[in-house]
Amino acid sequence: EGERLYHCVQCNNVKMYTDFPLHSRTKSMNVCTMCSRSNFAGQSWVDMTPYKYMLRAIRRQEKKNKCVSSVAFVVQERDVYFIVDKIWHSRSAISEYDDIIDLRLCRWNAQEDWSPWNCILLTFREMKSHLKLEEPEKVYDSDLVQKVHGKNLLAKTHFKHLMEYEKGNVS
């Protein structure tokens, strides 16, 4: 009597409301718990520790540069994972080195705040040298510059919602 039933759009069954996941980000109950679990079953688990470390290093550097309104304080570990893995393919832009523990996301243009569209993935040693450059476009070869601009444009497209946040902080 008066039981709330919902339709799962994935398995096409009508189920009790208790069979649907509820959490703070739930907007509607349209996929049941069983279907939700099966959606994630094929995905591999990712250790977020290196990305958490990278994000802390970025934030530490931004604080040191007195850029407390930087987008670096809005992005999350998953965002850093996306930037490193999907945009930079977990390889240094310069050396193609791929040990995630030694890689860092730093500013491309050292005079601008860090953001997903103003960064480059480098080894720690490469980063130390890179951050001394005032105009990296004049130092690196055109292929690398083009590669970085392309990847930063991709990040700009993916993180366009953060660009709005950044514009709001600037004014």
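Of the possible donor and acceptor atoms, one in the side chain of R107 sits under 3.5 Å from a partner among the backbone N and O of E112. In this structure a side-chain-to-backbone donor-acceptor pair under 3.5 Å is present from N118 to N109. Of the possible donor and acceptor atoms, one in the side chain of R104 sits under 3.5 Å from a partner among the backbone N and O of I101. For the pair S115 (side chain) and V71 (backbone), a donor-acceptor distance under 3.5 Å is absent. Not a single donor-acceptor pair under 3.5 Å links the side chain of E77 to the backbone N or O of L55.
Using a 4.5 Å heavy-atom cutoff, the side chains of I83 and H158 are not in contact. Between W108 and E137, the closest side-chain pair of non-hydrogen atoms falls below 4.5 Å.
Closest heavy-atom contact between Y51 and V80: O-CG1, 3.9 Å. Shown here for P116 and A155, the closest heavy-atom pair between the two residues is O-CB, 3.1 Å. Listed here is the closest heavy atom pair of R59 and A72: NE-O, 2.8 Å. A pairwise comparison of heavy atoms in L131 and A110 identifies O-CB, 3.9 Å as the closest pair. Nearest heavy atoms, R91 versus L121: O-CD2, 3.5 Å.
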*So I58 and F73, side-chain contact (heavy atoms from CB on, under 4.5 Å) or not? Walk me through it.*
CA-CA 9 Å; I58 292 165; F73 299 99; over 6 Å; no
_Stepwise side-chain contact (heavy atoms from CB on, under 4.5 Å) check, N65 with W114_ = CA-CA 10 Å; N65 292 334; W114 184 93; over 6 Å; no
*Go through the steps to decide whether V68 and E62 satisfy the test side-chain contact (heavy atoms from CB on, under 4.5 Å), and finish with yes or no.*
CA-CA 7 Å; V68 292; E62 290 301 288; over 6 Å; no
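By the side-chain contact (heavy atoms from CB on, under 4.5 Å) test, K86 pairs with Y81, F82, sequence neighbours left out.
Residue S142 holds its OG atom at 10.5 Å from NE2 of H149, rounded to the nearest 0.5 Å. The CE atom of M16 sits 6.5 Å away from the CG atom of L5 when rounded to the nearest 0.5 Å. Atoms CG and CG, on L122 and D102 in that order, are 12.5 Å from each other to the nearest 0.5 Å. Interatomic distance, I100 CD1 to S90 OG, rounded to the nearest 0.5 Å: 4.5 Å. To the nearest 0.5 Å, atoms OG (S70) and NZ (K63) are separated by 11.5 Å.
Inspection of the N13 and H7 side chains reveals no N or O donor paired with an N or O acceptor under 3.5 Å.
If you chain together hydrophobic residues whose side chains sit under 4.5 Å apart, W88 and Y53 never meet in one group. L153 and F159 end up in different hydrophobic clusters when Ile, Leu, Val, Met, Phe, Trp and Tyr side chains are linked at under 4.5 Å. Hydrophobic clustering keeps V31 apart from V14 (ILVMFWY residues linked when any side-chain heavy atoms are closer than 4.5 Å, directly or through intermediates). Under the 4.5 Å side-chain heavy-atom criterion for ILVMFWY residues, a single connected hydrophobic cluster contains both I87 and M48.
At most 12 heavy atoms of other shown residues, nucleotides or ligands fall within 6.0 angstrom of atom CD in Q146. More than 12 heavy atoms of other residues, nucleotides or ligands lie within 6.0 Å of CD in Q111, so this atom counts as buried by the packing criterion.
Evaluation of the salt bridge (charged side-chain N to carboxylate O under 4.0 Å, His left out) test over residues 141-156, restricted to residues two or more places apart or in two chains, returns E96-K147. For residues 120-132, the set of pairs meeting the side chain to side chain donor-acceptor pair (under 3.5 Å) definition, not counting sequence neighbours, comprises S92-E126, S95-E126, T123-E126, H130-Y140.
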